[in-house]
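Here the structure comes first, spelled out in structure tokens, and everything after it is commentary.
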Amino acid sequence: MQTQTGILTVVSGFSGSGKGTIMNRLMEKYPQNYALSISATTRSPRPGEMDAREYFFCTKERFEEMIAKEELLEYACYVENYYGTPSAYVQEQLQAGKDVILEIEMQGALKIKRKYPDSVLLFVTPPSFEELKRRLTNRGTESPEAVRARLKRAGEECEGVEHYDYLIINDELEACVSQVHSILQNEHTRLSRREAFINQMKQSFMEYAKGE
Ligand code: 5GP
């Protein structure tokens, strides 16, 4: 029986695009299909965030040690903090056949695409700029300067969006969740991901022909 490894899936989107909510709902609906990677970061926890749930919160020294020991699949600096993906969990879940979701920003996403060309990159955006600004301001967890820095960064991220494979416009949560699930299910049927299956079929045909 041929087993298939999972798809390395990258989800980015403007801060305030609602990508986290979409991914949490996706995990809730299809826990057998997906695994969400937990990143390490040097930023401070926001109220309500827990270590090892939202992030592995760590010091700059510990983060730099992880870089030196090559424990990260990718990392980037975002609004003056380090963020990175610990590789062990990702590799383990992919081998177990789960699609692993990395919710990361663009620099990291592009590094992943270069390193793993068969990864799938999704970009999530709110329906308009006004809506993005409103969501970021209403979140209330960020100072006005931090909101400005995030909006500025969002503007810069528009520039790289063409490197992504799919654009998800977050208008309605359940519709977005279904869209992401369909995309990934369809990706599994891509011929390039089914090489082992095809080779097995070819082998069987050859053996059959020899026996004729
Ligand atoms: P936040 O501080 O709002 O939680 O995250 C800021 C940005 O960092 C978001 O765009 C988030 O997707 C991104 N991010 C979170 N974890 C990682 C990571 O492991 N690597 C990279 N490159 N970006 C990350």
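Predicted model, so just to flag it, every value in this text is computed and none were measured. Computed over heavy atoms, backbone and side chain alike; hydrogens, waters and symmetry mates excluded. Order of listing sets the numbers, starting from 1, for every ligand and every atom in it.
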With sequence neighbours left out, write down each residue that passes side chain to side chain donor-acceptor pair (under 3.5 Å) with N33, or none if nothing qualifies.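 By the side chain to side chain donor-acceptor pair (under 3.5 Å) rule, N33 matches no residue at all.
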Partner of Y34 under side chain to side chain donor-acceptor pair (under 3.5 Å), chosen from K98, E28, H181: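 The passing option is H181.
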Ignoring hydrogens, what is the shortest heavy-atom contact between C58 and M66? Give both atom names and the distance.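 Nearest pair, atom of C58 first, then M66: SG-CE, 3.9 Å.
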Considering residues at least two apart in sequence or located in another chain, which fulfil the ring-ring contact (aromatic ring centres under 6.0 Å, His included) criterion with F14?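 F14: ring-ring contact (aromatic ring centres under 6.0 Å, His included) contacts with F123.
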Sub-3.5 Å pairs, protein N or O with ligand 1 N or O:
residue, atom, partner, partner atom, Å
ligand 1, 2 (O), R43, NE, 2.6
ligand 1, 2 (O), R46, NH2, 3.4
ligand 1, 2 (O), Y83, OH, 2.6
ligand 1, 2 (O), R150, NH2, 3.1
ligand 1, 3 (O), R46, NH2, 3.0
ligand 1, 3 (O), R150, NH1, 2.9
ligand 1, 4 (O), R43, NH2, 2.8
ligand 1, 4 (O), Y55, OH, 2.5
ligand 1, 5 (O), Y55, OH, 3.2
ligand 1, 12 (O), E103, O, 3.2
ligand 1, 16 (N), S39, OG, 3.0
ligand 1, 19 (O), S39, OG, 2.7
ligand 1, 19 (O), E74, OE2, 3.4
ligand 1, 19 (O), G84, N, 3.2
ligand 1, 19 (O), G84, O, 3.0
ligand 1, 19 (O), T85, N, 3.4
ligand 1, 19 (O), T85, OG1, 3.3
ligand 1, 20 (N), E74, OE1, 3.4
ligand 1, 20 (N), E74, OE2, 2.8
ligand 1, 22 (N), E74, OE1, 2.9
ligand 1, 22 (N), E105, OE2, 2.6
ligand 1, 23 (N), E105, N, 3.1

Results of salt bridge (Lys or Arg N to Asp or Glu O under 4.0 Å) for K69 - residues two or more places apart only: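 Salt bridge (Lys or Arg N to Asp or Glu O under 4.0 Å) list for K69, sorted by chain: E65.
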Would K111 and Y75 count as a cation-pi pair here, with the cationic atom under 6.0 angstrom from the ring centre and within 45° of the axis?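 K111 over Y75 ring: yes.
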